[in-house]
There are 2 protein chains.
Amino acid sequence: MAKKTPMVADLSTEEKIKEAARKVFTRKGYSATRTRDIAEEAGLNLALLNYYFRSKEKLFGIVMVEKMQKFFGFLLPIINNPSTSLESKLENLSAGYIDLLLTNPDLPFFVLAEIRNNPDLITNFAQKKDFLRDSVFIKQVREKKTELDPFQFLLSLLGMCIFPFVMKPGFQKLTDTDDQKFKQMMLERKKLIPAWSKAILKAKHPL
Amino acid sequence: MAKKTPMVADLSTEEKIKEAARKVFTRKGYSATRTRDIAEEAGLNLALLNYYFRSKEKLFGIVMVEKMQKFFGFLLPIINNPSTSLESKLENLSAGYIDLLLTNPDLPFFVLAEIRNNPDLITNFAQKKDFLRDSVFIKQVREKKTELDPFQFLLSLLGMCIFPFVMKPGFQKLTDTDDQKFKQMMLERKKLIPAWSKAILKAKHPL
DNA sequence: GTCTATAACCTGATAGAC
DNA sequence: GTCTATCAGGTTATAGAC
């Protein structure tokens, strides 16, 4: 193992910093993290952050774009897939999103926080203006059940998938649920949400 | 209108600071707000914050407790009310919570953020340990449908009520929905959520 | 490329005049 | 009680040695 042949475990300095930044920024947010926290987390000196990334803000920007792409890059293709049925979309979205969030439990809160700080950002990640209004998903809900506002339905669907992760720390404390049990619940949820969504679609619309 | 008879509009200095603190802290969170922001928002000098509240942290603590009590003080009594049916609880919770959040749209995000920063806090606001596990709501769901995990159901119910408000800025940007239209949607939602929750309770449980 | 030392700046808190 | 001016400490960013 010569010095120039790094093992898989040890990344380049630049990548070490990015990895540390991902971790600290997602946990504490932009304002509450100090560049020193990131340097320490990376096991490196503070000056290197500026050497590689010029500023805290630029480093954050890189992490932020990554996270946004992860969050929306999964969601939008499913919602706008013209070759799957609405029922398939419910199953794909629920199962895939919960898997994604199980490996990235802090992702939704980070994304929601960032959108609140800067709502204009969201337009960079929705492919085009009125993307959602014109999406296949919205059309399919409209065809299935004209009296139902498809955006109301989507809000509920997303809420059922995402909210448990936003609420995770509080929920676990309140119900004495450890990570293992929480994971089991979320896996179970992959089947519950499509079933429940279909029940909602079938339910009589209230006056 | 003598000097000593203030009009309803102008509050005491102390109350002006608190009101400004509520506004800025809820919008930007603890770390991102500077005491100078609060002073400016209140139209007062920075030194007065420390005169009245000793420190940024103490001022934040006061605002935070208020918000937590507002958030949980409404939820817990409904969930644990022994003299209402499960169906009534669904209706009361949905209607009441959405009304609360329409006048306090930033409340859920603030509370969720605070719980993430300090999960132990939540135990101060849940009246006793295992409050939720032993609650009337959980018992009633269990009686109604033994094969359904009542916590899964509660997560969905809360998600449907709360998530739209957490997502509000992004949703509005993405769908070109102004505040007036958003409010209409949420009022409509007060009827949708109980109907949908009941449909979930009636739906066949997936294997 | 990586480090130590330090500059430049920002922020919470206080002193002291009014 | 309220203000201006300032301090003390912490934080980002950089200079310069290695």
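Heavy atoms only: backbone and side chains are in, while hydrogens, waters and symmetry mates are out. Naming: A, B, ... by sequence-line order, numbering from 1 per chain.
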Asker: Do A/F137 and A/F151 have ring centres separated by under 6.0 Å?
Answerer: no

Asker: Determine whether the aromatic ring centres of residues B/F165 and B/F182 are separated by less than 6.0 angstrom.
Answerer: yes

Asker: Just one of B/R22, B/K23, B/K18, B/R34 clears the salt bridge (Lys or Arg N to Asp or Glu O under 4.0 Å) bar with B/E41, so which one?
Answerer: B/K23

Asker: Kindly confirm or rule out a cation-pi arrangement of B/K56 over B/Y30, judged by NZ or CZ under 6.0 Å from the six-membered ring centre and within 45° of its axis?
Answerer: yes

Asker: Between atom CD1 in A/I38 and atom P in D/dA13, what is the gap in whole Å?
Answerer: 10 Å

Asker: Mind listing the N/O atom pairs, protein and nucleotides 11-14 of chain C, below 3.5 Å?
Answerer:
from, atom 1, to, atom 2, distance (Å)
C/dT11, OP2, B/R34, NH1, 2.9
C/dG12, OP1, B/T33, O, 3.4
C/dG12, OP1, B/K56, NZ, 3.1
C/dG12, OP2, B/T35, N, 2.8
C/dG12, OP2, B/T35, OG1, 2.8
C/dG12, N7, B/R36, NH1, 2.9
C/dG12, O6, B/R36, NH2, 3.4
C/dA13, OP2, B/N50, OD1, 3.4
C/dA13, OP2, B/K56, N, 2.8

Asker: Nearest whole Å is fine: how far is D/dT14 P from A/Y52 OH?
Answerer: 17 Å

Asker: Under 6.0 Å between the ring centres of B/F25 and B/F60?
Answerer: yes

